[in-house]
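Written below as structure tokens is the structure these notes are about.
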Amino acid sequence: MDGSAQRTLLITLTGRDRPGVTSRLFRTLSQFPLTVADVEQVVIRGRLVLGVLLAYTEGADIGRVWNAAEKVANDLDMEIELSTGRNKRMPKRSGRLHVTVLGAPLKPAAMAGIAGRISAHGANIDRIERLAQTPVTCIEMDVSGADPDTLRAGLAAEAAEQQVDIAVQHGGLSRRAKRLIVMDVDSTLIQGEVIELLAEHAGCLDEVAKVTEAAMRGELDFEGSLRERVALLAGLDAAAIDAVRDELRLAAGARTMVRTLKRLDYKFAIVSGGFTQVTDALVDDLGIDYSAANTLEIENGKLTGRITGPVIDRAGKAAALRRFAAEAGVPVSQTVAIGDGANDLDMLQAAGLGVAYNAKPVVRQAADTAVNVPYLDTIVFLLGISREEVEAADAADAVRQD
């Protein structure tokens with residue numbers, strides 16, 4: 001068939017969604033010598049928008065097609081628009097990207113600003129889909145024709161102005177290929193800092209908290225600051241570690257995130273500047289695959305104020321990520337690292353995707369993307385997993401357990 005002789009008919013149906021609309025339209029169209037060039041469908045609050053682009057040769061009785069499509073719309077009490085045109089081949093657009101927007105709430109001004117930035121970079125929004133409505137609104141866009149680094153910088157500025165989170169990732173198979181999650185523990189997987197909980201039992205919380213805050217901002221050498229803080233715990237009864245384990249609270253959404261991704265055969269690792277006496281319990285509780293942390297020295301039932309073995313610091317976390325990836329048989333490019341402090345920077349930069357989670361400014365600026373809402377499970381949206389898919393998997397598991 002000579003492509004230059006082809007024309008197109010665009011049919012757009014709009015109205016209340018119900019089962020059978022799509023099949024009814026295509027059954028009607030199957031009576032005519034048409035080919036399907038494109039189909040798009042979306043449902044928003046029970047209202048369906050269905051667009052079908054059809055190709056046909058000149059000389060075809062398109063009037064009969066038109067009348068038949070209008071009859072379908074009338075029977076279904078839906079609105080219909082029809083338009084004809086030439087079947088011009090669209091040029092292939094380069095630079096396919098996923099742009100994920102998280103907002104609580106997500107306001108029209110934010111979407112206007114984001115769309116404006118994308119347009120200003122000479123890019124096009126090819127598709128928009130909602131991934132979640134709770135606990136945040138998450139919208140994902142497929143964008144083409146943009147340089148990822150310059151678009152990421154432009155959208156980061158817009159995110160700060162609109163108080164939303166925006167992630168820019170390469171499209172295609174690279175995102176779906178990620179298979180290892182490596183997480184920081186303190187103030188990421190769990191709420192708060194373990195060493196500060198221990199310091200509260202030892203009566204030196206204020207001194208330890210000041211050093212912790214400076215270290216997380218990157219103002220102090222992590223190893224030196226860790227040894228300084230641990231020294232303040234000298235003489236603390238080891239039973240305080242058991243008490244701290246009981247006090248631990250997971251970050252909101254942490255259990256959901258781990259459960260969801262492990263269902264999809266992701267491997268999980270935690271790497272911490274904290275202590276194995278606490279992280280080992282998290283490994284058992286959550287089914288974590290790999291872990292690395294420091295170990296407090298204990299003699300005669302009391303903390304000595306020292307740690308044993310090499311310190312897991314900024315470089316140590318990145319080395320652990322690479323080691324875990326090798327053990328899992330996963331390329332480093334297919335890893336996701338999540339952290340909040342300066343000692344996570346090397347790990348975030350080494351991973352295929354580095355996520356700054358409620359992080360210090362220096363970390364947000366260096367990471368691939370930042371998430372600033374207090375729900376750890378929103379990170380699954382960055383991987384293209386919707387809230388509906390999470391809830392459906394939870395429901396299916398509940399039925400199996402019954």
Side-chain angles (χ1 to χ4, degrees), residues 93-172 174-176 178 181 183 188 251-253 257 335-340 344-345 348-349 351-387 389-390:
R93 299 183 68 89
S94 61
R96 295 269 176 191
L97 301 170
H98 295 298
V99 175
T100 310
V101 183
L102 302 172
L106 181 59
K107 298 182 178 180
M111 292 300 294
I114 293 163
R117 293 270 187 172
I118 292 171
S119 177
H121 281 78
N124 186 65
I125 300 173
D126 301 324
R127 182 187 65 89
I128 302 177
E129 179 183 7
R130 190 196 75 190
L131 293 183
Q133 193 171 11
T134 59
V136 300
T137 300
C138 177
I139 302 295
E140 182 173 89
M141 306 179 188
D142 284 355
V143 174
S144 58
D147 174 75
D149 294 332
T150 57
L151 182 61
R152 184 178 290 116
L155 290 180
E158 192 67 33
E161 183 175 336
Q162 301 292 345
Q163 296 186 314
V164 297
D165 296 331
I166 303 177
V168 178
Q169 301 177 66
H170 286 283
S174 61
R175 179 172 66 165
R176 298 184 182 277
K178 290 182 171 59
I181 310 293
M183 294 187 62
T188 302
M257 183 188 71
T335 64
V336 179
I338 308 166
D340 73 305
D344 298 314
L345 280 170
L348 296 178
Q349 291 170 346
L353 175 66
V355 181
Y357 178 71
N358 291 312
K360 305 299 183 291
V362 66
V363 182
R364 291 199 301 268
Q365 292 167 10
D368 294 317
T369 188
V371 172
N372 296 303
V373 293
Y375 308 105
L376 194 57
D377 53 333
T378 57
I379 288 172
V380 305
F381 306 147
L382 303 183
L383 304 175
I385 301 166
S386 71
R387 171 60 62 186
E389 290 173 305
V390 173

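Computed from heavy atoms alone, side chains included, the values below leave out hydrogens, waters and symmetry copies.
Partners of Arg117 under the salt bridge (Lys or Arg N to Asp or Glu O under 4.0 Å) rule, at least two apart in sequence or in another chain, are Glu158. Not counting sequence neighbours, the partners of Ala110 by the side chain to side chain contact (heavy atoms under 4.5 Å, CB included) test are Leu106, Gln162, Val164. In this structure Thr150 satisfies the side chain to side chain contact (heavy atoms under 4.5 Å, CB included) test together with His121, Asp147, sequence neighbours excluded. Take Ile128 and apply the side chain to side chain contact (heavy atoms under 4.5 Å, CB included) test, not counting sequence neighbours, and it matches Ile125, Ile139, Met141. With sequence neighbours excluded, no residue forms a salt bridge (Lys or Arg N to Asp or Glu O under 4.0 Å) with Asp165.
In terms of modelled atom types and a separation under 3.5 Å, the side chain of Glu140 and the main chain of Leu131 share no donor-acceptor contact. With hydrogens and angles ignored, the 3.5 Å screen pairs a side-chain donor or acceptor of Thr369 with a backbone N or O of Ile166.
Atom CG of Leu383 and atom CD1 of Ile181 lie 5.5 Å apart (nearest 0.5 Å). Note that the CD atom of Glu129 and the SG atom of Cys138 stand 9.5 Å from one another [nearest 0.5 Å]. In this structure, the separation between CG on Asp377 and CZ on Arg387 is 4.5 Å, given to the nearest 0.5 Å. To the nearest 0.5 Å, the span separating NE2 on His170 from CG on Leu97 amounts to 6.5 Å. Note that CG of Asp340 and OG1 of Thr188 are 4.0 Å apart. Values are rounded to the nearest 0.5 Å. Taking CD1 from Ile379 and CE from Met257, the interatomic distance works out to 5.5 Å, rounded to the nearest 0.5 Å.
Counting heavy atoms of neighbouring residues, nucleotides and ligands inside a 6.0 Å radius, atom CD of Gln163 does not exceed 12 of them.
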Which pairs would a plain distance check flag for residues 355-366, meaning a side-chain donor or acceptor within less than 3.5 Å of a matching protein atom at least two apart in sequence or in another chain?
residue : atom : partner : partner atom : Å
Tyr357  : OH   : Tyr375  : N            : 3.4
Tyr357  : OH   : Leu376  : N            : 3.3
Asn358  : ND2  : Val373  : O            : 3.3
Arg364  : NH1  : Ala359  : O            : 2.6

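Considering every non-hydrogen atom in both Val168 and Pro148, the closest pair reads CG1-O, 4.3 Å. Considering every non-hydrogen atom in both Gly354 and Ala367, the closest pair reads O-CB, 3.6 Å. Taking both residues in full, the closest heavy atoms of Ala132 and Phe381 are given as CB-CZ, 3.3 Å, listed atom of the first, atom of the second, then distance.
Leu382 has its side chain out of reach of Val336: every pair of non-hydrogen atoms, C-beta onward, lies at least 4.5 Å apart.
For the pair Asp368 and Arg152, the salt-bridge criterion is not met [side-chain N within less than 4.0 Å of a carboxylate O].
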